Structure formats: structure tokens, C-alpha cells
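What you are looking at is a predicted structure, and each value in this text was computed from that prediction instead of being measured. Numbers restart at 1 for each chain; the letters A, B, ... are given by sequence-line order, proteins then strands.
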Amino acid sequence: MVQRLSLRSLLLPAVMPLLLVVLFWPRLRAMTGGTIDQAWYGQHTARLLNDSLLRYYMLDGLAPEAAVLNSAGWADPLTAGTAPDRRAPRRAAGPLRGQFSVQLDDQSLLAPVARLEQSFTIEFLMRHHGQGFVTGGNATHSGSLISMGDGVYSGFVFALDFPSNVLWFQVGQPKPQPALATRSIQRIPQSVWTHVAGTWQDGELSLYVNGMLCGRTRSSLKYHEVARSSRLRAGYVGNGLGSARFDLQYLAVYRRAFSSAEVLAAVYGPESSQLTEFSELLKAGDLLTAGRPRRALDVISRHPRDAEPRILGSAIRYRRAECLRELGQHQQAEEAFGSLAWQDSPIAIGEQAASEQLALQAGVIQPSMAESDELPSAPRNTSTTTLTPVDVTRRFLRQLELRRVLVWKEQYCSQILPKLQSACSSCHTARQSFGLPLTILTDGDEAAFAGIDFWQSVSQKLDQRRHDPSHCELREELCQSLQHWIAAAPVAGLGEQFSEDADGTRYFDLGWTAGSGNGRRLTRLELQHAVRDLLGIELTDDQLPPSDGSGGEGFDTNASTLITSGPWLNLWLRTLQKVSLQFVLQQLERSENDPSPALFDAERLQGAATLDQQLALIRPGLAQFLRQAWRRPPQSAEIEQILGYFRECRQSDSSLEDSLAQCLTRILLSPRFLLVLEPEPDQPGRYRLDDFQYATRLALFLWSSIPDHALLEAAAAGELRSRAGVLRQVRRMLADSRSLALGRSFAIQWLGLQQMEVQHPDQSLYPDFNPQISALMKEQAARTVWRVFSERRSLGELLASDAVLVNGRLAQWYGLPLPHDADWQPVRITADSGAGILALGAVHVLTSYPRRTSPVLRGRWLLETLLGETVEPPPPGVPTLRESSSQHGSLKEQMEQHREDPDCIGCHRLMDPLGFALENYDPVGRFRTMDGEFPVDASGELPDGTRVTGLPGLISVLQQSQRHQQFVRLFSRRMLGYALGRELDHFDDSVIDYCVERLGQSGDSAAVLLEEISVSAPFRSRYAVGDGRTLLKNSAL
Amino acid sequence: MNTRRRFLQGTGVSLSLPWFESLVCGSSPRQSRPPLRAAFLHFPNGAWMDDWTPAQTGPDYTLSPILQPLAAVQNEVLVLTGLDKANSRPGEAHLASTANFLTGMSVRPTTGRDIGVGGVSLDQYLAGSFVGKTLVPSLVLSCEPVRTGVDRIVNWTLLYSSLISWETAERPVMPETNPRSAFDGLFNLSAADAGRSVGKQRLLDLVLEDARSLRPRLGRDDRTRLDQYLDSVESIENRVRYSESAIGSADQASLWMPSIQDRERFLQKGPLSYPERLRLMLDLLVLAFRGDATRVVSMMLANDATIQTFEFIGVPYAAHQVSHHQGNAELIDRYRRITIWYVQQFAALVTALREIPEGDGNLLDHCLLLFGSGLSDGNRHDHMNLPVLMAGRGGGTVPVGQHLRFTGDNTPLCNLHCSVLNAMGIPAEHFGDSNGRIF
């Protein structure tokens, strides 16, 4: 009797796919339109409509929690694992522009188990970047890609071997049987989108790369289901396998095994299956994987080569070259690969062929898949250079990059250059280039190699509407085409980086970002704080060495501009001799109930009769002092050496206090105190800093000082090895008053206030202004920024706050109601005055001339400091504004002349309105409504037409989302440059991207920025250059 | 401990010795003639050349308006017109023009990663030949703190605008900016320290050991930092060694000390205004030459593109801003007045040196002073036809008392540098981009 099926159970399987298609049609359309390339990547519709589809995940860069398009009805989403201290999945570029993928490393994406039986297909599109953070067990280098279960005793796994880049597909078997595996006969090249499919059909395991069969094995074994508690996993699985760093775009699981034809059609499109070459390609694949390359070659050579259809042409030629290689005809194989190398094709067969050609040239030949009597022994290429697989990969990547640049350059010459020539050269001339290097208007090479940063700044300037539409009609169109072209720039993928040979050839390194923090000398402020923390003495200006230069992102923590010279060290030595004696005398004279920590028991020491007794008494104190000064537990030999020095001094008639002082001097003169140096191992690679080095960096970053005992103890206890432990310390340090250094060091330098004292407003106009007010304003700026961090406020409060931070004296200056001797505190202000950085008196003094305000300076300062947009100085022939403000109309009226001159308007329409909005603040930072005899007109019009009035108006313009993002990003960038002590390049963008993302998630909490930088890879690791090329080392961060 | 040491210990005295005819010091016998000294002074932002360049050439020339303050010492001065620095690229202005004032080669554009000026600077090159002959091989001074920040428009570190002395093509010598500390370092040994050179050497040995044990384990970049430290320790060791040998052979009666007034002036507490600091630095230069603490001094009178204001001469505007006169007569007047003030300070220095008797003449006779700027017209950031002059006969090597004009496309400033080298006793065929010599 036929059971009656309910309507629901009938409809659901039929309707569901259609429903999904309907729901997601717009998205699907976007994916499937376009050229043949896009058509290939856009087979999503076909997949969705496949009735054997069990799971489908399209990872369009979304947060992994929100997996998309699961045909089982959203019941089995992919989520990120929760293992702490692992690298979280990140968004990465996808196969097509505007598309994204997700990059995985040692953190995997998990979904519940998929019930598979004796036939199934796994299909995915991925691009790998080499070894991830974890190597395999037993020091084998491997990386798992997709797996379910452990892939060894049950389930399956796809993995890559490094550095050979061989892909293998394995199905697990319970003990004692070994797992069943098949390997690809080709290398999977790095940085190239590759389609992988694996099928299991009743004991037959097949592996397809880019649609072509490349590995097959048969057995009588069965597929063993995995436990319910297991997971479908993308990424690192463990079990003796390492992690691969790869971008995943989609993953599909089907409940039956596809035939070779279906896989090939899935890659080359359904229309390809109509071609006769299609079946020949399939047959050749079967023969090749069965170990019969001669037969395969016969099959594939049936058609004359020029008759090959475009769609399958590259696949056929590739297969042919593979046959030749398997036959041992390496010369011809190399030529065959070479003719295909770098050709355009629907999928990256050109790149794959190039990789194979290189391998052949290097003599790095894959062992063939099956032993067969037909095959002669494959002779090694007898070229003199023996390259390793790593070298081959490196060369391949270099060629890949060069190729991309050439393509990009051709695009420039054909699409962009004609437009630039016609549009730009009328204004950007040799006489007045406005900062544009004129060679890019003539030379494609110059343009392509000008670098991505240059072009991004060009794009930014076009974007900023510097070019008044009435003067430059082609602006819109030029903007768009330029931005398309820039977006297609061959910027290295996330985490890859360039190195340069001595001859200037650029190539890839395998690794994360290029740099890490640098070793350097302690800055002047850090020395001051270190002495304060160690000896309790505040060094005066005369005792400190001269101030340091700066560089990189503009901070004196920049390693390369912190120079140590003879006079510098000599001054430091003299200071130490005085100060250490002062400290020792203080220690010896301290009273019984002095709460401050004692270095030794003063009474007993002075009472000690013999030298040995004295040594015993000072040993523990000295060891502790040494630990803090040198920022790590001292070795016993080091302690003995210092005690030996004490003995020497005493024996040459120095007094007790002199000898002690000499010991302290010796400790603080040592490079172990003065320099932050991080020894490197011999092998190049990225290494985690040891606990004490990390603690030092944290203390320098957050306190501009050395670590205190609590931090050193946390380091010794291994707390800094976990993210939670580090964050605990960071939060403690931020809450400590020593974090005011962030204000005094970072903020002052960021805002450009270092040499504020040199600004002298005209005494005749502003007689009340004196150096004390100047110093207080500087302190106010430091504390205002510091408060946002220490009280865990939002970064937005740097711009828009409801309170001004002042002390009594400064409050008087600003006209705020506070008693004269009040301490620093926030004072609420009304809505129509302003607070935040733009209301700081220091900023107003900095951006004024001695006798009048300067809207131009203020606008420029704002653009540069808060938004990171630079404005070129005026051309030399342009006359200046008159100096005295009240002669010919108000200042604003006089500045209107900027609007009339086409040479001027480009830059001034950006700066002037921002500066006008701050006109209410006079050159000494006080609020005013009259400027001489004219009322202040604090209004202006931005290039996009927005009217800005006064500081509140300005703040709301800056809070608007695009500018706010720009501000947040710039601030993060500066902070990262300060922390790392070097300049940043666009490979550090990934860290900045991540910080900005996390800020967005946490409401722009400033403290979160510090936390994320503190745990970021460049901050907590060191990149040992060695000879400059690397494989990632095992560093379980 | 002998009485000499005790005497020195008690008065905390200079360990440098003035040149005296009768002295024989340590291992190197003094020459029969007074030694030559060289000083290089850089003023910022160029000058208004129309009022700098005298109209006539040769020995009978009238001083131009800006050079008027040199009237009293005109016969000790050599004015040079038409010297160029072709290796300063026009685009980057101050940063590309200051740092190579004493090297003449190109300044490398960078935010700090690879600073470089193409060669060792003239003063450091000279200093190399004085190691062990004076207390310090050279003195590098600046009247303003080192400029911090990065010029974001061209992405250059502003460090370049504060330095003219480079001990290697990539490593500058950081200037001393505090005249008191500098004086203390040269002349004011505290009593506790005077007899302690043995102890000091031991201290230095210990920290050298630290450095040497660290060095092999460091990467390339960190080694560079440590090498700077090692070189600095070495320079202190040289001082210690010199002091020891000097004390060992000093004749008690002929020791020279800075006067009580000098000491009081230098050891006074309290903030210093810019002109006060500049004057103290120039005094220090005189004392350093007088006491033969060094024979090479380089001094930045201000950072280039300085924002220092000059209200003390009635120009309450920043010097850099003023130098961008845009052809405006009022601004040019201020620009001129600032440059005149700098020339006045230099004239005072020249006069002070002339008043000190030495050998057959005076101290100035045995000096070669070079005073100039790396830019000519500050508005156009012109790096050709630089405002440069020399003072002091250099023991007879410098043809003072005339105005020399060099025409032609390119007469490198380095020709002058090469001449200075030869005058100081270093036979050099060329220096920087020189193609000949001036004298």
C-alpha cells in the first residue's frame, strides 16, 4: 500500500531551492552576469539548483557567524571556532573585484556534521598563501583545508603539503587499516584561485584540480562515518596536520559522487560538455591518473592544436604538457607549459602552467603517480643551480607579481593615460605642477611603478573635489575610471609582502606583515620616567640629554631616528654619577617609617664590619634593582660581576656610598638598560617575543617607561602568553596614572605641539600670555587625550566632548568658573561653545600668527592632523594676504580673493571653510565674538556645498560617517606607528583594518584600540630578516 | 695621590689645556705654531640676496646692507658669492638643503628608515684627525632643540632640518642644545670625578663587555643601534685617555680655567630666551677654542624652517614665515632684519676671537670660520648662489679682506670645503661634489 505523502514533505524539497533562488535572485544576478570569467565564477545558480546539494556555504567576506545560502534551511551555519589565541578568520579579496572571501589560518570555521554515505562530493574554491601559523606534528609541514572528523580514522580531509604545494585528499579508516589517500600530480600554485573537488564513490577516491582529474585510487575500503560530536570544518583541524593560510570563497557538499564529466562541466561551464574535446579530455585524465601517459597523449593529440576551441583549449594543452612530463620528455613538457604560461584563461591554468614550467626548469619534479614499466626513469634537470621547492615558489610568485604589474601598466597606457593627458596637462604644467610628477602624463612605466600609495593619494585628491567643476569638467569621469584602475592594482594579498634584491627586483616573501617593532634606544622621556620609577628622582632639563628627533609616523619612538652620539652618552654618564649618589644617600638616610621601598637595610649595612657582610646585605636589593633596570631576571653571573665591581671600588678606597653609586651607574649605563634590543635566532622567520621583551614593549607603549614589578612578575608567570592575560595587564596599566605618558608623549607629538613654547603671540596685543599659560595649555592637551583612554571613552570624544579639562589657572584664562588653585578636572560647557581637541587653546596658539588668527593654518592643521589629508604649500609667485587684519575688510572678506584665483582655489576651498569655523578663537585660545572692529563670521562652505558654522558645526561635519571613519583610521594608524616605532606601509594596513573593525564593534572605545595594538602580530612578535626570505615558523600566538 | 691631582680635585678644573708655547703634552709634541681651528655656523632660511651681495668685488668693496655689522672686522672677512649646491633637489626645500650644507651631496628622502646625506660632513671629517689631540675631536652644537615630526607633504623626517654634522653618510651627530650641559661637559668636572678616571675606565670596560656579548645575537638593524652605542663609549674612552695624559704632564702654573664670571654665567639656573641661548653657545665656542678643548665646532644657529619668532628685534613673526616674502616689500624688510641680526651675532663672535692674544697675533688669526646658509632665497628655496662668508686668516691660508664672486653655472660650495680641508692640513683632492678649490 502506497503511503500517502503529505503535501509538505513533497513540496519542501522541490520548493526550497526555488525559494532560495527567488530570495537571493538579485545577488545571484550580480554574480552571474558579465564576461566569461564572471560566468565561470558565477555558477552558483547551477549549484543551488542541484538536487543532490547537501550544504553550500558562500563566504563573501561576511562574519563567519552568518553563513549564507545553506540549502538545508539555515539549520547548519558555519561559525568560527572559539579557541583563544588563534588568528581569527579575516575578510580577504575574492576572485573578482568587489567580491570577498574569508581567510583562514589556525582558526577554523565549523559547522555541524553532514551525514555522508558511500558517495559524496566535496567542492570548494580556494586560494592558498602557503604555510599557516602551525606546522604539522613531527615537524612535517602541512596544512589542512577542508575536513570532517579527523580524516585519519574516520571522515575525510583535504590538505596541502609544504613547500611542495601538493594537494591530497584522504579518507580515514579505523585502525588497523591505514587511511586511503590520493595526491595531485601537480603543485597548487600560491596566490591563485584554484577549484578543488574530491569524490568518493564506493571505494574509488578521486581528486580534481581546476576540473581536471589529477589523482585517483581504488580500494575495497568503506567510508566511515564520523561521530555526531564531530564537525565539518574549514581550516586547521590538528591531528598532526598543520594549518595553511588560505582564502575560501565557497564550499559545497553533495550527497552523491560527481562523475569526471560533471566536475569538468562545473568548472568550464555546461556548454563545454557539448564539445568533442570534452570527452577526450576526460579520457586522457583517466589514462593519466591510471599511469598510462603514452595512451593519454595519443588521445589528447588527436586534434591539430590550432583547432582547439577556446573554452577547453588551455585545459587540453595543459593535460598534454602533463603527459609529456610523465613520459619523461622534460624538454618538450617545459616548452608546452611555457607556451601556456600566463595565458588568459577562464581559470588560472596559465598561472599553474607557469608554476609547473618553473618546477621543471629547477629540476623539482613530482614523482609520478603510479609505477609503471612504460616509464623511463625521470632524469633530473642537470642545470647547475639546484633550486628547492621554496625557490620555485618564490620565483613563481615573483613572476606572478611582475605579470600583474605589466597588465596593470598596459591598462594605464590604454585607458587612463589618454584621459589624463587631455584633462590634466592644461593646469598641471612644468611651471606649476601642483605637486603632480609630470612624468606620469607621458610615461606608462613611470606611472605603473610610481606605487600604489602615490595613486591612492591622487585618487584621494580627486575625491576631495579640489578640482572645481567649473575648471575641470572631466573630473567625474576621470575620477571614476582612475578609481577603477587603482582598485585593480596588483597589491599583494593580505599578509604577503615584498622584498627587494640588490638589483631592485621585487619579489614576495612568505610571511605576515613586513616588520615588527624595532630595537632602539630609550627616548628622553622614557629615560626620565625610568629614573623616576627606579630611583624616585625627577631629572631636570639640564640633567637630561637633548631631545630626540623623530620620524616614521612622526614620533620620537621611531627607531631609525634615535641616534646615540658620544656627547649624548657622556652627558648621561655625568648625570648618572650625580643622581645615583643622590639616590644612595637618600637610601642610607631614610627613616624607619619611610613607606617607599628600600633597596637594602640601611642601618645594618652601615653597621656591617666586613666587606663580605656588606656584599651579602646588598645582594638581594641589587638583584631586584637589576631585574627592573634590565627588564628581565638577572643571571647569577651578572649579579656576581656587579658585586665584584662593588668589591673593587671598596678595595680602592671608595666610600660605601660611592661604591654603591658606581654600581648603580654601571647598571644604568649598560646597553641592557639604555637600549631595547631583542636578540634574533639564526633562522629567518617570525618569532614571538619572549615574555620580558613583550613586557618591555608594553611598558614603553603605555607608560613611556620600564615595566614595574607587577608586570615583570606577570611576565615571569607566563601570563603574557594568553590574550586574556595581556589584556588584564593592559587594562591595569591604562588605569595607572603613569599612562599619562600617552598624553604627554603620543598626544603632544600627534597634535604637533612639541615646540609650542617657541610660539610667541605678540606681547603688545596679548600681554597676559606668558610661558606658564603656554605650558598649561600643553598639559591640557595631554590630559584631554589621556582622559579618553584612561576612562575608556569613545574616540569620538576627542572631537566632540561635553566638558573641557582645565585646572584653576587655565580656567581663569578661558573664563570658566573654577577656584584659582583647583586641580585638573572636567568643566561642563554649554552646547554652543565647544570642547574636544579643536577647542584646545594649544591648537589655537599653534595655528595662528603672532598678531592674528589664520584660517588657512587652522584648516590645514585640521586636515593633516585629524584627517590625514595633506595640502601643498602655495606656489612661490603667489602674493600673500596683508598682515594687519582690520585694514581692508574683515579677515574673511580678504580671504575671498582665494576664491577668485584659479591657482589658489583648489587647495583653499578645502582649508578656508574649516578655518573660518574656528574664527571664534583668537590667537591665544580665548573665545571671541569680535575681531577688532568686525564681528566674527565663523561660517564657511565646504566644497560639497555643506555650510559649516562655528565649532559645533565643524564637529558635526567631522562626525559624519565618512569623515569619522577617516579620523578613526588615521588615529589608529598614528597610534600603531607610535607603538611599533617605525614607519608603516600598506602591509600594515591589515592590522589597521582589524583595529578599525574592532573599534566599530566596540563603539570606538579608545582603550580597545590600545588593546588590539598590544596583541597585534607586529607588536608581539619579531621578524628576523636573516637572508630575507622566510617560511613561517611555528609560533603558537 | 700627588699634589697636582689634589689641586685639580679641589678646584674642579678643566681637563683641557690651552695651547702654550712651552708645553709638551703627552705623546704628541705641540707644534711650534698655534694649531688651527675651524668652526662652521649655519643660519636658517637663507637671505635676501639683493641686500647680501656686495656690489663690488676684490679687496675694495663696500659692505652690503646685510653685511654692515661686519664693518669693524671687514679686513678679517672673506665674502663669497656664487657658490652652489647643485645636489639639493628643488622639490623638498629646507630638508634637502640644510642637512647637506657640509657634505654637498644629495639628501635621501625618507621618513627615517634610511636617513643619509651622501657622505661624511666636513667638520666630522676634520674631527677624525683630532682624535686624541684635544679633549673632544669636535663639538656639535645647536641653539634650538632638535625638530621633531615628519613633513607629510613630502614624507621626509624633520630631523634633517636640525643637523649639519654627519659622522658617517647615514649617522648624524646629535647636537648638544643646552649650553650649560655642554659647558659642564667640557670645563666643569665635579670634584668627585676629577681623580676618578681609573674608575671611569673600569666602568666603561664593564659596559663594553655587555655590549660585546649582546652583539653577535642581534639582527642587522639592532646591531646598527648597538654600534652607535659602542662608538659613543669609545669616544668617552678617548676623552678619559686624553684627560689622563693631560693631567699627567700639566704644569700647574700654566693651567687655564674659564673665569669666575664665565662659570657663573653658564651655571646660572632659570630658563633662557633664544637670543640668550645663542649668545651662550657662541661664548662656549670661544672658550672651547681658547682652552683647546676642541679644534672643530659646528653650530646650528637655529633649525632650518624654524618657527622661532624674533620679537626681541621688533619682528614678532616666525623666521620661516618671514622668509616666504612672496616679493612683498614689508616682508622682505623683516627678512632682512632677521638676517642682519644673525650677522651681528657672527660679528660679535669674530670680534671676541680677535681680542684673545695667541702666538704672534690673536686667536682669530688661527681660525677658519665658515658662516652661511644652505638656501639663498628662502622664498623660492633656491639652493644656488648661497650666502656664505668666511672669517679668520686660518694661519695665513685664507685670503681675507675681499669679496670673491664666482660666475658660471655651477661653482660647488664643496670647493670651499675642499679648500678648508687643505688649509687645516689635510691634503684632499676633492670633497663632495667639488671641482676645484677656492684657495
Give, as side chain, backbone, both or neither, the part of E638(A) having an atom under 4.5 angstrom from any heavy atom of chain B.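 Neither; nothing under 4.5 Å.
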Please flag which part of W572(A) lies under 4.5 Å from any non-hydrogen atom of chain B: side chain, backbone, both or neither.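 It is neither, since no heavy atom gets under 4.5 Å.
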Quick check: closest heavy atoms across V758(A) and T309(B), and the distance to 0.1 Å?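 Heavy atoms of V758(A) and T309(B) come nearest at O-OG1, 3.7 Å.
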Provide the closest heavy-atom pair for R666(A) versus D210(B) in the form atom of the first, atom of the second, distance.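 Shortest heavy-atom separation between R666(A) and D210(B) comes out as NH1-OD2, 2.9 Å.
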Any idea which of A182(B), P271(B), P175(B), P172(B) has the most non-hydrogen atom pairs under 4.5 angstrom with chain A?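 Most heavy-atom pairs within the cutoff with chain A belong to P172(B).
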Any side-chain donor-acceptor pair under 3.5 Å between [X] and [Y]?
X: N178(B); Y: D541(A); answer: no
X: Q755(A); Y: E144(B); answer: no
X: T148(B); Y: D556(A); answer: no
X: R171(B); Y: T564(A); answer: no

Using a strict threshold of under 4.0 Å (side-chain N to carboxylate O), is an ion pair present between D184(B) and K578(A)?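 Yes, this pair counts.
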Backbone N or O of P145(B) within a donor-acceptor pair of the S547(A) side chain at under 3.5 Å?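 No, because the side chain of S547(A) does not come within donor-acceptor range (under 3.5 Å) of the backbone of P145(B).
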G149(B) backbone acceptor or donor facing S550(A) side chain under 3.5 Å: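 Yes; judged by distance alone, with no hydrogens or angles, the pair exists.
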Report the option among V676(A), L573(A), L674(A) that has the most heavy-atom pairs separated by less than 4.5 Å from atoms of chain B.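 Between V676(A), L573(A), L674(A), the count favours L573(A).
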